[in-house]
Structures are given as structure tokens and as C-alpha cells.
2 protein chains.
Amino acid sequence: MKKAAATRLNILQKAFELVYVKGYQTTSIDEILSTTQVTKGAFYYHFKNKDEMGIAIINELLKPTFEINFLEPLRNLTGDPLVMLYDMMYGILMENEVMTVEHGCPASNFTQEMAPWNVDFTAALNGLSNQWKQAIADAVERGKQNGYVRQDVDGEQVAVFVLSGYWGIRNMGKLVNNESVYVTYLQQFKSYLESLR
Amino acid sequence: MKKAAATRLNILQKAFELVYVKGYQTTSIDEILSTTQVTKGAFYYHFKNKDEMGIAIINELLKPTFEINFLEPLRNLTGDPLVMLYDMMYGILMENEVMTVEHGCPASNFTQEMAPWNVDFTAALNGLSNQWKQAIADAVERGKQNGYVRQDVDGEQVAVFVLSGYWGIRNMGKLVNNESVYVTYLQQFKSYLESLR
DNA sequence: ATAAAAACATACCAATTAGTATGTTTTTGA
DNA sequence: TCAAAAACATACTAATTGGTATGTTTTTAT
């Protein structure tokens, strides 16, 4: 990797970590500089301003890992979508190494914090959200064709419902700061999915 | 009402409106002062600092309306808890006059924004959340005794699942900024509740 | 090798922030 | 009525913020 690209990536990764733990607005540029050992000149060479860096975090860090964890499993799916959905949710909540109960889901955090006053952030995040929604809806519809899912089930409805549950349990996790809520949630999530058969 | 109490309430109400729309950290004290026409001296007479005002918003504004909209309906319940849960969710999402799709749920916003760095806020909000959870769980358990709900359903699981859905759909609403997601959510919420019979 | 461009470094600045110091006015209780 | 306390007003401050101006160093292409 070129050295300049390494600098940029270093900024993005460290900044992401800070923003994930502390929130975007309470993470100052000076703080990013001191943890990256990058100077202000270098920072503003790579990013026009703070918000452009924020968008870059979404597009260059969140988006790719989101693709791998949230979309790929659903797209390559041939078998039972309900089992798949549960396994995916279990993996994301219980086995993901980046996200913690205490700090929730980066995408969700960003949404909550930025939606009221930054259109660009919201648009970028809405893109991710919509992709996930569509992938779930499609998987459910395919499941209907393969006899895994009842015919009167609506894929889009399920997708919105599942997404809501995910955003919500992440939020709740931050509040109670204990993985046990994830377990409770997953139990009922399984029951819910079974009710779609 | 005493004049001093009116000043305090005025600050809290206007500050709440600003915080709800713009977020807590991006709402400056100076901004609160200019919209309330209250001077800094008066503000700091009533509140030790900004965070104490934030806590007061939770305890003196959010909590009471939360009691009325989220708890009372569940506690005074004798009939079908599943119908009640749907009606309550419908009322909160579609008919509440304070909350909008664009700005979501104040309690949820607070949680997301403050959890990473303010213990007091989180504790206060966790109190509200737990009360709601317990009220839902109790209602479901009573519903089991009255034959409205299947015996193998777990009240606490349902409560966590319902709460998650609510937090989540509020978050999603902010993202897409369109009430139609509420409608979609409610449809599936109804199906889910029916599956508990 | 060398000029030009890319990449980075340092010192600064204007604006905003929460909060304080020090007043004045208003209310209250005896 | 009148002193004391409550309630409010004004001017200020120290720290932090995102961002810029102006450099120097490093890389790249010829």
C-alpha cells in the first residue's frame, strides 16, 4: 500500500474506533490526531473537513464489513431463509468481534446521532439500511417459493420488522449494558421466525 | 404557579423541544436562552449545569408523559393484552402529537446519544425502559391466566421483543423520514401478536 | 538528476462553548 | 415596612472547537 493511502486508512480506522465508542460529535479532530500521531496538515490534506471524514468512515469502513456480514449470507442463500436469518442475527449479536453490547451498532449510532442535522450521513446510512431490508425481503420471498415460508407472509413486512428488532435491541443493549438482553431477544426472535412457517 | 417555577418550566419545555429536534449536544445553552428569553443568571440559578437540566427534562417532562402513554394503559388492563399492545403501539406511533417520524422518540434519542458518556442519563432512561418492559411482561403473563395468550409464551421475552421493535422502528423512521414504515411495521406487529395466541 | 506535485508539519485564528463573578431586582415572611 | 433571601441580569473568561495559512519534506515522472 502506498504510504499516503496508509495514512488515510490509519486516520479512518482510529477515528472510527473513537467515534464508535464516544460518538461522532464528542470526538474532536485534535483527539483523532493525537491517537493517530498524524498532524493537522496531513488530516486536512486527506479530508476537506470533519464531516467528509465521517462519510468516508461510512463508505470505506462500515459499508464493506456490512456487505460481508449483513448482505452476502442472504444473497448466497439457497436453503431455509428462516434458519439463515436466525443464524445471521445470532452471529451479528453474539459472535461479532467489532461490535460490543456497551457501544451498540455503529450504523445505528450514526443514524441516531446524525439524522437530525446531517443529510449526507443519513443518505449514506439509508442506503445501507435499504440494501439489508431488500436482501431480507427477497430471501423471504424466495423462501415462499421453496415452501419454507407461509404463502400469506409479506417479505417486505418481515424485513422491516426484523430490521426494527435489530436496531432496537442494539439500542436496548447500550442501555442495560448486558448481553443477556441479546439472549432474551434471540429466543423470541426464533419463535417469531417459526411463526412464519 | 409561582413565577420562578414558571421560569424553570419554560426553560425545560423549550429546551426539550430543541433537544428533541436537534439533539442534546448540538443544543447550546445560549440557544436555549435566546428562545426562552431567559438570561444566563436565571438559567444557572435553576440548574447547576447543562447536564442537570438534561436529567430534569427526563424526570420532569419525559417521565410523566411516559407514565400516561406507556404505562397506564397496561396497568389498568383487564381484557385482551394482545389487542391492547397493538392499540397502544398504534396510538404511540400514529396518533401521538409530540413525537414525529422525522425526530423519533425522545427517550430513544437520549439513550443513543448519551449512553456512551453519561451514566446519569443512562440510569434515568434505563428506569423508564425497565418499567415499560415489566408492564408489558406482566400484562402478557396475566393474559396467559385469562386464556388470551398461549401458555408456552414467555412474558419477559415478549416484552424485550416488543421494546426492541419500538426502539428500532423509531430509529428507522428517522432514517427514511416517512410514516409508511410505521404502517408496514404495525402490520407485521399485529401478525406477530396473533402468533402468541 | 531535477522540477513539479503530492504529502505532510507547524503555528495560528475566529467562533463557540459551558460556566462564573458580580451585580440588581423582586419576592417573602415577620 | 423592611430586611433577608430568592430570583434574575450582565459582563466576562478560559478552554475547546473546526478550520486555515504558510510553510517543509517526500515522492513521482521525465
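From a predicted model like this one, the values you see are computed outputs, not experimental measurements. Letters go in sequence order (proteins before strands), and every chain restarts at 1.
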* Could you tell me whether the side chain of K40(B) has a donor or acceptor atom within less than 3.5 Å of a complementary atom in the base of dG19(C)? => yes
* Asked: With the threshold set at 4.0 Å, does a side-chain nitrogen-carboxylate oxygen contact exist between E141(A) and K144(A)?
  -> yes
* Write down the distance between CZ (F47(A)) and C1' (dT20(D)), rounded to a whole number of angstrom. => 18 Å
* Asked: Quick one, which residues of residues 20-35 of chain B touch DNA chain D with a heavy atom under 4.0 Å?
  -> none
* Asked: In whole angstrom, what separates R8(B)'s CZ from dA6(D)'s P?
  -> 15 Å
* Q37(B) CD to dC8(D) P, straight-line distance once rounded to whole Å -> 14 Å
* Given the side-chain rings of F121(A) and Y24(A), with only the six-membered ring counted for Trp, is the space between their centroids under 6.0 Å? -> yes
Could you list the donor-acceptor pairs under 3.5 angstrom formed by side chains in residues 78-85 of chain B, with sequence neighbours left out?
{"from": "D80(B)", "atom 1": "OD1", "to": "L82(B)", "atom 2": "N", "distance (Å)": "2.8"}
{"from": "D80(B)", "atom 1": "OD1", "to": "V83(B)", "atom 2": "N", "distance (Å)": "3.4"}
{"from": "D80(B)", "atom 1": "OD2", "to": "R197(B)", "atom 2": "NH1", "distance (Å)": "3.2"}
{"from": "D80(B)", "atom 1": "OD2", "to": "R197(B)", "atom 2": "NH2", "distance (Å)": "2.8"}

* Have a look at F43(A) and say if it touches a base, only the backbone sugar-phosphate, or nothing, with a 4.0 Å heavy-atom cut-off. => nothing
* Asked: For Y44(A) and dT17(D), what is the distance between atoms OH and C1' respectively, to the nearest whole Å?
  -> 9 Å
* To do: Take atom CD of E52(B) and atom C1' of dG19(C), then tell me their distance rounded to the nearest Å.
  => 13 Å
* Quick one: K50(A) NZ to dA15(C) P, roughly how many Å, whole number? -> 20 Å
* Start with the C-alpha distance between N109(B) and M114(B), add both sets of side-chain angles, then the distance that settles side chain to side chain contact (heavy atoms under 4.5 Å, CB included), and finish with yes or no. => CA-CA 8 Å; N109(B) 296 352; M114(B) 314 303 279; over 6 Å; no
* Which whole-number value in Å describes the distance from K3(B) NZ to dA6(D) P? -> 17 Å
* Could you check H46(B) against N49(A) and say which one's nearest nucleotide on DNA chain D is further toward the 5' end? => H46(B)
* Of the nucleotides dC8(C), dG19(C), dA9(D), which one has an atom closest to the side chain of T39(B)? -> dA9(D)
* To do: Compute the ring centroids of Y192(B) and F161(B), then answer whether they are less than 6.0 Å apart.
  => yes
* Looking at side-chain heavy atoms only, is the closest gap between I169(A) and V160(B) below 4.5 Å? -> yes
* Is a salt bridge present between R75(B) and E67(B), judged by a nitrogen-to-oxygen distance below 4.0 Å? -> yes
